[in-house]
2 protein chains.
Amino acid sequence: MRALVYNKVLRYEAEYPTPEVPNGDVLVRVMKAGVCNTDLELVKGYLGFSGVLGHEFVGVAEGGDHDGQRVAGEINLACGECPTCLAGMPTQCPNRTTLGIDRHDGAFADYLTLPVENLHPLPDSVSDDAATFVEPLAAALQTLHITHISPHQRVVLIGTGKLGLLTSQVVALTGCDLTAISRHDRQTDLLRGWGIDTARPGEVETRNADVVVDCTGNEQGFAEALKLVKPRGVIHLKSTYNGLPKADLTRAVVDEVQIHTSRCGPFDAAIRLLAKDAVDVESLIDARYPLEESKEAMAKASERGVLKVLLEIG
Amino acid sequence: MRALVYNKVLRYEAEYPTPEVPNGDVLVRVMKAGVCNTDLELVKGYLGFSGVLGHEFVGVAEGGDHDGQRVAGEINLACGECPTCLAGMPTQCPNRTTLGIDRHDGAFADYLTLPVENLHPLPDSVSDDAATFVEPLAAALQTLHITHISPHQRVVLIGTGKLGLLTSQVVALTGCDLTAISRHDRQTDLLRGWGIDTARPGEVETRNADVVVDCTGNEQGFAEALKLVKPRGVIHLKSTYNGLPKADLTRAVVDEVQIHTSRCGPFDAAIRLLAKDAVDVESLIDARYPLEESKEAMAKASERGVLKVLLEIG
């Protein structure tokens, strides 16, 4: 099969072996896949990954309970037997591998495999394009699973990249008083189009937000969040960080600021919201490439200002 | 009056001016005061403080509603008028000064002043010695105000200095499965005497604690807390940090670890627990000095392994 493979170098391969299908797993023929910032980090050495990249996809199950159906797929392959799994937190399983991220070949290929319980069939009302956003939208929704955001709260979101734009829309659903800080006209226009207030950096009152959602993934973002949040407020970290950031934990303690974090989220809720058109994902698509040009797709996705890049696979 | 004054150098002064008493404030004659780690930090330049040190004390009110009564005193002098105060969080008032810490002369002197609403009269069942622990015990209790610790949870506490020993006792009150990690025989003996399980560093299972209470105040402590906490667990930061620590926020996000913080706490609860003898503070007292020897008291308090040092003032 065709695949985009990273093993110290990034290489498109026309004849990569089709994955074997372990017991309980299902072969999925990939239709489309999205390039995520995590993919860009992995090819810089993050997690020491080698194999087929990609974890945002829509495909067709070949076999299993959903044979012939369009599916999205949860990316964590949990053991199902450890205390963490038995406590209902398979996404935190210490024995897990992760599709296209950690020791399990991913979605930038003609085929992938996932356990049958990871697959979510998609209603017709969710387009193929929209379905590639189920995984990141689920991650955005996890913000609300961890942090209770109420309609009378002032919320500021910083870091309006792909995940930040999805998270903005999700946070706006709560009815809270949300302001997204955006440096770029493109993002500002998108946010305003969704009815979300925006501000430029420096325009928002400091120490005034009940909740700051930090989608920046850099230490400057965390420092900015500490300036914006009010005493006893919450900073929600929605993205991972490059390296080991310095963080003013003393300021957090003195102001009794609580720091929430979240990662992977509920696929069923993401599919439900996409089916209802409650979240706009199509406007984020900036480019499409065939699988043969997946290296070019990765390069495009790493360009400044480019939002979602899709691979059209099959 | 006599006072221990810090102004770039630490100096005992026999004839420091007795404080003027603003409208609404009360003059308090100090009986005893405790030396806190914050005092040791202030004389290294923390917060750029200058003035009379000291914020843990018992005294007698001279005037006001509690005239002639023994009192403990809350250390934050809030404005009472800002949105934070009106929201019921005077300890987070952005306009506050703080007794012996930030622009308000403290308790290592014959007299101090505080607003009448900051004073808490003490029942006879709370000894003068015990009363000097009301402030740090209240801070320890704030842990439970911010973080719900339930009897079925595994909790690990690291950093068994003065505040850590108080916090250990407070956390143990919840009935949780508490282990305090202690390097020193003195602390280990105290903890075991209170019925608290102890372990040496490295003896506790990693990724297994529902809650880790970090009383270390250093970045190694935070890194250790991240190792000990389980996915979706809570790290509670109970102390401030020297400098700007590096913190593995990515690990926190990936494991969805929530980071709680707390600072000053409820005086009424601290007094109630001391009155019931529910917390042992007297065992922490290692030395006593007259006010004239308060510089020596500070030096003693900074010796390795020394717990509480009291000043006997009047």
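These numbers come from a predicted model, not from an experiment. A, B, ... follow the sequence lines: proteins, then strands. Residue 1 opens every chain.
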I need the residue from B:Leu237, B:Val234, B:Leu249 with the largest number of non-hydrogen atom pairs under 4.5 Å to chain A.
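Between B:Leu237, B:Val234, B:Leu249, the count favours B:Leu249.
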
Inter-chain polar pairs, chain B versus chain A: which donor-acceptor atoms lie under 3.5 Å apart?
unit_1: B:Gln92; atom_1: NE2; unit_2: A:Val254; atom_2: O; d: 3.0
unit_1: B:Gln92; atom_1: NE2; unit_2: A:Glu256; atom_2: OE1; d: 3.2
unit_1: B:Gln142; atom_1: NE2; unit_2: A:Glu256; atom_2: OE2; d: 3.0
unit_1: B:Tyr241; atom_1: N; unit_2: A:Thr250; atom_2: OG1; d: 2.7
unit_1: B:Tyr241; atom_1: O; unit_2: A:Thr250; atom_2: OG1; d: 2.8
unit_1: B:Pro245; atom_1: O; unit_2: A:Ala247; atom_2: N; d: 2.9
unit_1: B:Ala247; atom_1: N; unit_2: A:Pro245; atom_2: O; d: 2.9
unit_1: B:Thr250; atom_1: OG1; unit_2: A:Tyr241; atom_2: N; d: 2.6
unit_1: B:Thr250; atom_1: OG1; unit_2: A:Tyr241; atom_2: O; d: 2.8
unit_1: B:Ala252; atom_1: O; unit_2: A:Thr261; atom_2: OG1; d: 3.3
unit_1: B:Val254; atom_1: O; unit_2: A:Gln92; atom_2: NE2; d: 3.0
unit_1: B:Glu256; atom_1: OE1; unit_2: A:Gln92; atom_2: NE2; d: 3.2
unit_1: B:Glu256; atom_1: OE2; unit_2: A:Gln142; atom_2: NE2; d: 3.0
unit_1: B:Glu256; atom_1: OE2; unit_2: A:Arg263; atom_2: N; d: 2.8
unit_1: B:Val257; atom_1: N; unit_2: A:Thr261; atom_2: OG1; d: 3.2
unit_1: B:Val257; atom_1: O; unit_2: A:Thr261; atom_2: OG1; d: 2.9
unit_1: B:Gln258; atom_1: OE1; unit_2: A:Thr261; atom_2: N; d: 2.9
unit_1: B:Gln258; atom_1: NE2; unit_2: A:Thr261; atom_2: O; d: 3.0
unit_1: B:Ile259; atom_1: N; unit_2: A:Ile259; atom_2: O; d: 2.7
unit_1: B:Ile259; atom_1: O; unit_2: A:Ile259; atom_2: N; d: 2.7
unit_1: B:Thr261; atom_1: N; unit_2: A:Gln258; atom_2: OE1; d: 3.0
unit_1: B:Thr261; atom_1: O; unit_2: A:Gln258; atom_2: NE2; d: 3.1
unit_1: B:Thr261; atom_1: OG1; unit_2: A:Ala252; atom_2: O; d: 3.2
unit_1: B:Thr261; atom_1: OG1; unit_2: A:Val257; atom_2: N; d: 3.2
unit_1: B:Thr261; atom_1: OG1; unit_2: A:Val257; atom_2: O; d: 2.9
unit_1: B:Arg263; atom_1: N; unit_2: A:Glu256; atom_2: OE2; d: 2.8

Counting only heavy atoms closer than 4.5 Å, note whether B:Cys264 contacts chain A via side chain, backbone, both or neither.
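Backbone of B:Cys264 only, per the 4.5 Å heavy-atom cut-off to chain A.
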
Is A:Ile146 in contact with chain B via its backbone, its side chain, both, or neither, using a 4.5 Å heavy-atom distance?
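For A:Ile146, the contact with chain B is made by the side chain alone.
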
